[in-house]
Amino acid sequence: MEGDISSGIGNGTQVDSKVLQAFQKNFVQVQDILDQNRLLINEINQNHESKIPDNLSRNVGLIRELNNNIRRVVDLYADLSSSFTKSVDASSEGESGGSFKSNGKASQKRIRSG
């Protein structure tokens, strides 16, 4: 049921379909980058095995591209983690009206209607 609020995040927390769509979008982006990385790695390996100077020089740029892609994947996973934490916090606040942060202090957040 994609348009509905879905449950099943371990302790019965409710997650909005918009949040799930955002997760899906990020996971698709990550998978696309990882697929591209696989191709880059194959090309880097072929260039390395060829020992042709031009191909070895080309590897410098390919390795930079690979490193940038890895950074993008890390950033996307960080965004996913942050979004997930916020959505779970918002869901639990909706149930209890407040929450405890990891530092043990109570947090009373007001949810704005919009």
Side-chain angles (χ1 to χ4, degrees):
M1 290 192 220
E2 265 193 35
D4 299 336
I5 293 179
S6 302
S7 67
I9 309 282
N11 62 0
T13 303
Q14 300 292 312
V15 178
D16 192 296
S17 64
K18 289 180 183 179
V19 173
L20 292 175
Q21 288 173 352
F23 289 157
Q24 171 95 15
K25 179 184 170 198
N26 274 8
F27 282 124
V28 167
Q29 285 180 298
V30 165
Q31 189 59 54
D32 288 345
I33 294 169
L34 293 176
D35 290 342
Q36 183 182 5
N37 284 356
R38 184 177 354 96
L39 296 174
L40 284 169
I41 289 167
N42 287 338
E43 186 175 349
I44 289 166
N45 286 335
Q46 288 172 357
N47 289 345
H48 181 73
E49 290 170 1
S50 77
K51 304 211 187 303
I52 297 171
D54 287 343
N55 290 351
L56 295 173
S57 295
R58 178 165 163 65
N59 274 359
V60 173
L62 294 174
I63 291 168
R64 283 192 181 121
E65 185 177 350
L66 182 64
N67 285 336
N68 287 334
N69 285 353
I70 292 168
R71 282 189 199 97
R72 286 175 50 208
V73 168
V74 169
D75 290 343
L76 285 167
Y77 276 129
D79 291 345
L80 276 168
S81 177
S82 176
S83 296
F84 181 77
T85 301
K86 287 177 185 174
S87 69
V88 170
D89 285 348
S91 287
S92 65
E93 285 176 6
E95 293 170 7
S96 66
S99 64
F100 284 91
K101 294 182 179 179
S102 59
N103 63 6
K105 295 181 180 175
S107 167
Q108 294 287 335
K109 293 183 181 175
R110 197 178 81 188
I111 300 173
R112 290 188 270 187
S113 58

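All values derive from a computational prediction rather than experimental measurement.
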Is there a path of hydrophobic side-chain contacts, each under 4.5 Å between heavy atoms, that joins Ile33 and Tyr77? yes
What is the distance from atom OG of Ser50 to atom CG of Asn45, rounded to the nearest 0.5 Å? 11.0 Å
Are more than 12 heavy atoms, taken from residues, nucleotides or ligands other than Glu65, located less than 6.0 Å from that residue's CD atom? yes
Quick check on the hydrophobic clustering: are Leu80 and Leu20 connected, directly or via other members, by side-chain heavy-atom contacts under 4.5 Å? yes
Give a yes or no answer on whether the side chain of Ser87 reaches the backbone of Phe84 with a donor-acceptor pair at less than 3.5 Å. yes
How long is the gap from CG on Asn69 to CG on Asp32, to the nearest 0.5 Å? 11.0 Å
Connected via hydrophobic side-chain network under 4.5 Å: Ile63 and Leu40: yes
Going by an N to O cut-off under 4.0 Å, is there a salt bridge joining Arg72 and Asp75? no
Go through the steps to decide whether Asn55 and Arg58 satisfy the test side-chain hydrogen bond (donor to acceptor under 3.5 Å, both in side chains), and finish with yes or no. CA-CA 5 Å; Asn55 290 351; Arg58 178 165 163 65; over 6 Å; no
With side chains defined as the heavy atoms from C-beta onward, is the minimum distance between Asn47 and Ile44 less than 4.5 Å? no
Is the backbone N or O of Ala78 less than 3.5 Å from a side-chain atom of Ser82, with the two atoms forming a donor-acceptor pair by type? no
Measuring from atom CD of Glu49 to atom CD of Gln46, what distance do you get when rounded to the nearest 0.5 angstrom? 7.5 Å
To the nearest 0.5 angstrom, please state how far the CG atom of Leu76 sits from the NZ atom of Lys25. 9.5 Å
CG (Leu39) and CD (Glu43) are apart, to the nearest 0.5 Å, by 9.0 Å
Within 6.0 angstrom of Asn42 CG, more than 12 heavy atoms from elsewhere: yes
Can you confirm whether Gln29 sits close enough to Asn26 that some side-chain heavy atom of one is under 4.5 Å from a side-chain heavy atom of the other? yes
Find out if a path of hydrophobic residues (ILVMFWY) with successive side-chain heavy-atom gaps under 4.5 Å connects Val30 to Val74. no
Is there a path from Leu66 to Leu34 through hydrophobic residues (I, L, V, M, F, W, Y) whose side chains come within less than 4.5 Å of each other? no
